[in-house]
Amino acid sequence: THPIPGRQHPTAPVRPSSQHPPKWRAYKLVVDPALPSGKHREKHYRYDGHTSRGTIDVVDPRPMFKRMWEPKEKGDFPVPPFKIDEYYCGVPPPKHVSFRNLNDNINDSFLGKMCFEFGEISSLEILYHPDTKKHLGLAKVTFKSVKSSEACVEKLHDTSVMGNIITVKLDTQFVEIRKWFKSLCQSKPHQLPVPINHYKSESASKPLPPL
C-alpha cells in the first residue's frame, strides 16, 4: 500500500507521541507493557486505523478452564449502530441520499412513506430556512443499507412528485446538499420596485409647511 501524504507509513518504526505529526486524529495503545497482558512485550500503537507492527493477533483473554467449563450465559448487550462521522477511516458506504426541488407541501411523514418502500431508514430531515422558516425543497435521508439507497435514487431521480421534477442523488456525508443549502440561504429575496405614483401620493398627502 502507498503511504498517506503527511502521515507515517504503517510499517515504519513508531516515534514518541510528542513527535507525531498533528494530522493524526485517532490513536490507541494496543499493547501496554505496564499491564499484565502486555508483560515482556513491546509497545504496539494504532493510528487512524494503521498499526505499527502489521496485523494484531486477536485472542480470548479468559483462562482456558473458564472457557471450557463455565456455563455460557446469553449475551444481553445491544450493539449500537455504527456511526460514520468526520473521524471515519476509509471510504464511507453510500447510504446518504439528498433530495432537491421538493414541493412545499411535502413533510416528514410523506417523504418517509415514499422512501420506506425501498428499505429501512435511519434518519430523515427536511431543511428549512433558518430565519424565515421557509421550505427550501431540500431533504436528507439516511438508509440502513446501500442497496436501499441505490434503489431509491434509481426509482425517484428525475420523477414528478406533487408536480415537481425532483433531483435524487447519492450524497456521501451530505456534501452536495450543504452547498445547496448555503446557496439558498445566502441568496437575497427579490424586491419589487416601488411605483412612481407611490412617491407622488405620499408627497401630495403631506401638508404644506406654514409661511
Side-chain angles (χ1 to χ4, degrees), residues 1-7 9-10 23-28 46-51 55-56 58 75 77-191:
T1 59
H2 298 284
I4 301 176
R7 299 182 180 177
H9 194 271
K23 291 187 178 181
W24 291 109
R25 298 178 298 179
Y27 54 90
K28 179 181 180 181
R46 183 176 67 217
Y47 291 89
D48 283 357
H50 302 290
T51 59
T55 59
I56 303 174
V58 180
F77 181 75
V79 180
F82 190 78
K83 184 178 180 181
I84 300 175
D85 52 12
E86 63 271 16
Y87 300 104
Y88 181 79
C89 300
V91 180
K95 297 181 180 180
H96 298 161
V97 178
S98 296
F99 289 78
R100 189 179 184 183
N101 198 32
L102 294 175
N103 191 288
D104 295 350
N105 297 319
I106 294 180
N107 53 15
D108 294 348
S109 177
F110 183 89
L111 184 61
K113 291 179 182 179
M114 187 171 61
C115 295
F116 191 74
E117 299 178 1
F118 307 101
E120 296 185 12
I121 299 172
S122 299
S123 63
L124 182 148
E125 181 185 3
I126 294 179
L127 304 182
Y128 297 87
H129 196 282
D131 298 329
T132 62
K133 308 303 179 183
K134 182 182 177 182
H135 195 297
L136 296 177
L138 304 177
K140 302 188 297 184
V141 178
T142 303
F143 288 90
K144 290 187 176 181
S145 66
V146 177
K147 183 178 179 180
S148 301
S149 61
E150 292 177 346
C152 177
V153 174
E154 182 180 356
K155 296 294 183 180
L156 296 182
H157 181 61
D158 281 342
T159 58
S160 177
V161 179
M162 287 191 181
N164 289 9
I165 303 298
I166 62 174
T167 300
V168 186
K169 63 180 299 184
L170 294 174
D171 189 9
T172 305
Q173 300 292 350
F174 295 118
V175 177
E176 291 295 330
I177 199 169
R178 289 196 187 99
K179 296 179 182 178
W180 299 341
F181 179 78
K182 186 177 180 181
S183 62
L184 290 175
C185 291
Q186 289 180 349
S187 59
K188 297 182 180 179
H190 180 67
Q191 296 181 355

| Rounded distance [0.5 Å steps], CG in L124 versus CG in L111 | 4.5 Å
| said: Please check: side-chain N/O of T172 versus main-chain N/O of P94, any donor-acceptor pairing under 3.5 Å? | reply: no
| query | Would H135 and Y128 satisfy side-chain contact (heavy atoms from CB on, under 4.5 Å), going step by step from the backbone distance to the final call? | reply | CA-CA 5 Å; H135 195 297; Y128 297 87; 3.9 Å; yes
| query | Roughly how far, to the nearest 0.5 Å, is the NE2 atom of H157 from the CD1 atom of I165? | reply | 10.5 Å
| request: Please identify each residue that fulfils side chain to side chain donor-acceptor pair (under 3.5 Å) with S149, with sequence neighbours left out. | output: none
| said: As an exercise, state the distance from OG of S145 to CD of E120, rounded to the nearest 0.5 Å. | reply: 8.0 Å
| message | Is the shortest side-chain heavy-atom distance between W180 and L136 below 4.5 Å? | response | no
| said: For K169, is there any backbone N or O sitting under 3.5 Å from a side-chain donor or acceptor partner on R100? | reply: no
| query | Measuring from I106:CD1 to D108:CG, what's the distance to the nearest 0.5 Å? | reply | 11.0 Å
| field | Nearest-0.5 Å distance, CZ of residue F99 to OG1 of residue T167 | value | 10.5 Å
| said: So for atom CZ, which belongs to F116, do other residues, nucleotides or ligands contribute more than 12 heavy atoms lying within a distance under 6.0 Å? | reply: no
| request: Return yes if some donor-acceptor pair links the side-chain N/O of D171 with the main-chain N/O of H96 below 3.5 Å, else return no. | output: no
| Would you say S122 and K95 make side-chain contact, with heavy atoms under 4.5 Å? | no
| Where do F174 and S98 come nearest, in terms of heavy atoms and distance? | CD2-OG, 3.6 Å
| said: So V97 and V168, do their side chains get closer than 4.5 Å, heavy atoms only? | reply: yes
| Do L127 and L184 touch side chain to side chain, with heavy atoms closer than 4.5 Å? | no
| Taking atom NZ of K140 and atom CZ of R178, what is their separation to the nearest 0.5 Å? | 6.5 Å
| request: Answer yes or no: is there a side-chain heavy-atom contact under 4.5 Å between E150 and V153? | output: no
